[in-house]
**Q** 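Supplied in structure tokens, the structure appears directly below.
Within every chain, numbering begins at 1; the chains are lettered A, B, ... in the order of the sequence lines, protein sequences first and strands thereafter.
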Number of protein chains: 2
Amino acid sequence: MAVTIKDVAKLAKVAPSTVSRVIANNPRISQRTKERVREAMEQLGYYPNYNARSLVNQSTKTLGIIIPSSARIAFQNPFFPEVIRGITTKAYVEKYGLYLSTGQTEEELLAEVKEMVQSRRVDGILLLYAKQDDKVMPYLIEENFPFVLVGRPYDDQLKELVSFVNNDNVKAAKMVTEYILLLGHRKIGFIGGNLEYTVTIDHKEGYRRALANAGIPFREEYVVYYDEVEEGGQEAVIELMSLEEPPTALIVADDLMALGVLRMLDEMDVSVPEEMSIISFNNAMISELSSPPLTTVDIHIFDLGFQATECLIEKMKDPERPPAQIIIPHKLIKRQTCRRLLKS
Amino acid sequence: MAVTIKDVAKLAKVAPSTVSRVIANNPRISQRTKERVREAMEQLGYYPNYNARSLVNQSTKTLGIIIPSSARIAFQNPFFPEVIRGITTKAYVEKYGLYLSTGQTEEELLAEVKEMVQSRRVDGILLLYAKQDDKVMPYLIEENFPFVLVGRPYDDQLKELVSFVNNDNVKAAKMVTEYILLLGHRKIGFIGGNLEYTVTIDHKEGYRRALANAGIPFREEYVVYYDEVEEGGQEAVIELMSLEEPPTALIVADDLMALGVLRMLDEMDVSVPEEMSIISFNNAMISELSSPPLTTVDIHIFDLGFQATECLIEKMKDPERPPAQIIIPHKLIKRQTCRRLLKS
DNA sequence: CTGAAAGCGCTTACAG
DNA sequence: CTGAAAGCGCTTACAG
């Protein structure tokens with residue numbers, strides 16, 4: 001029913017192989033027949049059958065995007081849409097299609113990834129998370145399947161083996177802490193995300209280092225982790241504000257959580273930034289729209305996705321190329337949630 | 001290099017056709033050989049080649065998701081991630097894969113959709129937007145390609161022709177307006193989204209009807225449209241608050257915009273809900289996290305995606321089935337941004 | 001510069 | 001119950 005290469009060949013009075021060659025714009029075909037064939041294609045509204053093509057080329061020209069199984073929560077976080085936007089943008093110019101994972105649990109995801117690679121549904125994979133005990137990445141490494149990670153491997157030993165695009169989250173968190181320190185704060189709370197994710201570990205490390213450099217003791221009770229974005233920020237606030245010496249500043253895992261923190265503080269009638277300074281990460285659009293607008297660090301999420309895609313495409317072109325580690329710079333965005341601590 | 005059906009056949013000492021039949025679990029194959037073949041598949045780690053399969057079956061078992069070309073802005077809106085989550089969930093249980101559009105302009109998108117359907121990359125399409133002068137939907141209709149729309153067609157004449165899953169946005173907006181009216185407000189501002197989208201038109205119509213029923217004149221200066229989510233809410237507020245008789249209540253297109261509205265009002269020192277009531281749509285997570293938490297209407301975005309997918313799959317199974325129009329219910333979520341107008 | 005043939009990895013009538 | 005053959009719609013050596 002659909003028009004095939006044979007139909008075009010018949011109309012243009014050439015062999016199917018010739019049609020195939022003009023599609024590929026093979027230079028050995030004369031200009032005259034190229035034109036005739038193109039006209040026929042136009043006239044019939046011909047599009048090459050993608051599956052037939054992929055079958056013989058052993059390549060699908062599509063990239064798989066693996067979203068963490070906790071997508072229920074994850075997708076609420078503006079981070080993912082924004083990386084995907086970066087991916088989409090690069091994929092479009094490179095004429096790659098995008099295939100989305102659908103698994104909802106870690107097991108489902110792993111099974112899905114296996115299917116994707118073994119059934120040759122995609123040519124390469126973009127892994128959008130890095131966490132402890134993850135089975136997907138080891139599988140990809142074992143299969144020697146082209147992929148790039150957004151984030152960094154949980155296991156340091158894998159660092160040399162995989163290509164990844166990441167921020168220097170340790171440095172970013174250290175800088176953020178130093179900034180707060182410079183504003184005179186000494187009691188600084190840390191509200192991290194799920195400790196299974198590498199970002200959280202790195203943030204904490206940066207926080208720790210900054211404190212150490214400043215000669216300020218690290219207090220366990222000031223650091224708190226929540227993986228539930230939804231209520232997380234709010235519960236964390238309750239916990240921290242109930243301390244005998246509550247913090248005067250808070251470093252928060254991401255903007256969405258910071259929103260919850262702001263709301264809880266508002267409910268408790270502690271005003272930001274007068275009585276509490278807040279700084280978070282990501283610079284999502286909501287950070288600009290919140291009241292007061294959030295001081296945050298822009299981690300250039302779009303670029304993370306864009307460059308990961310670029311890197312993956314490079315890798316697919318040249319499988320021999322050694323793993324690349326790309327660090328995307330970050331930038332402090334000062335808005336209105338941080339203030340110098342008044343002497344009391 | 002990859003293991004094929006022939007390898008399995010050889011190992012199991014049967015013909016390739018037999019292997020194919022056990023994959024399909026054909027009842028005519030004896031239990032004994034089924035077991036032998038399955039063992040061989042297991043042993044070799046066999047996965048059927050997806051492209052070969054699709055080629056002969058003329059079906060890819062994948063669905064295309066078309067995200068509006070304005071994805072740059074759109075994707076910042078929690079609406080899209082959430083519909084996609086609904087789609088993903090249903091697609092997973094039905095064992096469908098998901099293919100994502102990447103076009104950034106309307107022309108790119110149209111070209112991409114054409115390629116998707118003509119090249120047989122997908123079996124059906126989920127259209128995530130409905131707007132004026134859109135060329136994608138007419139194309140799909142003309143090609144008689146299975147698709148379902150999330151939203152409703154801009155052109156009323158198409159209503160009978162296409163399957164869609166939507167909220168009753170007129171009713172929702174009418175209800176919202178009536179609620180505000182019941183709280184004693186008479187000067188009610190309306191901050192809509194882009195007028196090219198059907199949601200905006202429907203919201204406005206509901207607003208209009210509620211006012212008419214209450215015998216309150218419709219005032220042009222109270223209605224204002226912004227398509228830029230980012231600054232939109234804020235500019236709208238400036239515009240409305242500069243009126244000689246500024247509104248005492250605001251109906252806002254969606255939660256994200258409402259966040260901007262809240263922020264601007266905060267800057268102007270008008271307190272919510274004491275001096276201004278605000279109600280919006282969507283019930284995204286941010287509506288709960290904002291301060292004060294937003295009164296909004298839950299439109300069950302997840303269900304929109306889930307049911308659209310279900311509907312599409314039905315349609316693909318039975319192409320003769322008449323178009324289905326599914327309306328997802330909405331629900332007022334009272335939080336803290338609306339208050340009875342005090343007599344002044 | 002162009003064509004005939006083989007092959008990519010499956011599935012499915014058709015035989016037996 | 002199972003196999004041999006044809007075919008899905010392409011591409012690409014191999015000839016000429």
**Q** Without decimals, in angstroms, what is the distance between B:Asn57 CG and C:dG9 P?
**A** 17 Å
**Q** Please confirm whether the shortest side-chain N or O distance from B:Asn26 to OP1 or OP2 of D:dC1 is below 4.0 Å.
**A** no
**Q** It should be established whether B:Gln58 places a side-chain nitrogen or oxygen under 4.0 Å from OP1 or OP2 of nucleotide D:dG9.
**A**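 Looking at the OP1 and OP2 atoms of D:dG9, one of them is under 4.0 Å from a side-chain N or O of B:Gln58.
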**Q** For residues 40-49 of chain A, which side-chain N or O atoms pair as donor and acceptor with protein atoms under 3.5 Å away, sequence neighbours left out?
**A**
from	atom 1	to	atom 2	distance (Å)
A:Asn49	OD1	A:Asn51	N	2.8
A:Asn49	OD1	A:Ala52	N	3.0

**Q** Quick one: list whatever passes side chain to side chain contact (heavy atoms under 4.5 Å, CB included) with B:Lys317, sequence neighbours left out.
**A**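 Partners of B:Lys317 under the side chain to side chain contact (heavy atoms under 4.5 Å, CB included) test: B:Ile313, B:Glu314.
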**Q** Starting from the 5' end of DNA chain C, give me the residue, B:Arg28 or B:Asn49, whose nearest nucleotide shows up first.
**A**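 The residue whose closest nucleotide sits nearer the 5' end is B:Asn49.
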**Q** Checking the side chain of A:Ser163 only, and the main-chain atoms of A:Ala324 only, is there a donor and an acceptor separated by less than 3.5 Å?
**A** yes
**Q** Apply side chain to side chain contact (heavy atoms under 4.5 Å, CB included) to A:Ala15 and list each qualifying residue two or more places apart in sequence or on a separate chain.
**A** A:Ser17, A:Thr18
**Q** Between A:Glu108 and A:Gln104 (side chain of the first, backbone of the second, donor and acceptor by atom type, cut-off under 3.5 Å), is there such a pair?
**A** yes
**Q** Counting C-beta onward and ignoring hydrogens, is there a side-chain heavy-atom pair between A:Phe80 and A:Pro68 closer than 4.5 Å?
**A**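 Yes; the side chains approach each other to less than 4.5 Å.
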**Q** When you look at A:Glu106 and A:Lys135, which way does the salt bridge (charged side-chain N to carboxylate O under 4.0 Å, His left out) test go after all the steps?
**A** CA-CA 8 Å; A:Glu106 291 196 30; A:Lys135 305 262 191 309; 6.0 Å; no
**Q** Report the distance from atom CZ of A:Arg36 to atom C1' of C:dT2, rounded to the nearest whole Å.
**A**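 For the pair A:Arg36 CZ and C:dT2 C1', the rounded distance is 11 Å.
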**Q** Would you write the dot-bracket representation of DNA chain D, where each base gets (, ), [, ], | or . depending on whether it forms a Watson-Crick or G-U pair under 3.5 Å and with which partner?
**A** |||.||||||||.|||
**Q** Rounding to a whole Å, what distance do you find between B:Arg53:CZ and C:dT12:C1'?
**A**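 Atom CZ in B:Arg53 sits about 13 Å away from atom C1' in C:dT12.
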**Q** Under the side-chain hydrogen bond (donor to acceptor under 3.5 Å, both in side chains) definition, can you give me all pairs with a residue in residues 149-160 of chain B, not counting sequence neighbours?
**A** B:Gln132-B:Tyr154, B:Arg152-B:Asp202
**Q** Report the distance from atom CD1 of B:Ile5 to atom P of D:dT2, rounded to the nearest whole Å.
**A** 15 Å
**Q** So which one's nearest nucleotide on DNA chain D is more toward 5', A:Thr4 or B:Pro27?
**A**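 Its nucleotide being nearer the 5' end, the pick is B:Pro27.
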**Q** Among C:dT11, C:dT2, D:dG9, which is the nearest nucleotide to the side chain of A:Thr33?
**A**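 Of the candidates, C:dT2 comes closest.
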**Q** Quickly work out the B:Met41 CE to C:dG9 C1' distance and round it to whole Å.
**A**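 Computing the B:Met41:CE to C:dG9:C1' distance gives 15 Å.
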**Q** Return the residues of residues 11-24 of chain B meeting this criterion: a heavy atom under 4.0 Å from some atom of DNA chain C. Order them by number, or give none.
**A** B:Ser17, B:Ser20, B:Arg21
**Q** Whether the side chain of B:Ser101 engages the backbone of B:Gly103 through a donor-acceptor N/O pair (distance < 3.5 Å, no angle test) should be reported.
**A**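 No.
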**Q** Checking B:Ser119 side chain against B:Arg121 main chain: does a donor-acceptor pair fall under 3.5 Å?
**A** no
**Q** Please report, rounded to the nearest Å, how far the P atom of D:dT2 is from the CD atom of B:Gln31.
**A** 11 Å
**Q** Are any of A:Tyr50's side-chain N or O atoms less than 4.0 Å away from OP1 or OP2 of D:dT11?
**A** no
**Q** Counting only side-chain nitrogens and oxygens, does B:Asn51 get under 4.0 Å of the OP1 or OP2 atom of D:dG9?
**A** no
**Q** For the side chain of A:Ala52, counting heavy atoms from C-beta on, which of D:dC10, D:dT11, C:dT11 is nearest?
**A**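 Selected nucleotide: D:dC10.
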**Q** Please report the distance, rounded to the nearest Å, between OH in A:Tyr46 and P in D:dG9.
**A**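 The answer, rounded to whole Å, is 10 Å.
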**Q** Without decimals, in angstroms, what is the distance between B:Arg121 CZ and D:dC10 P?
**A** 14 Å
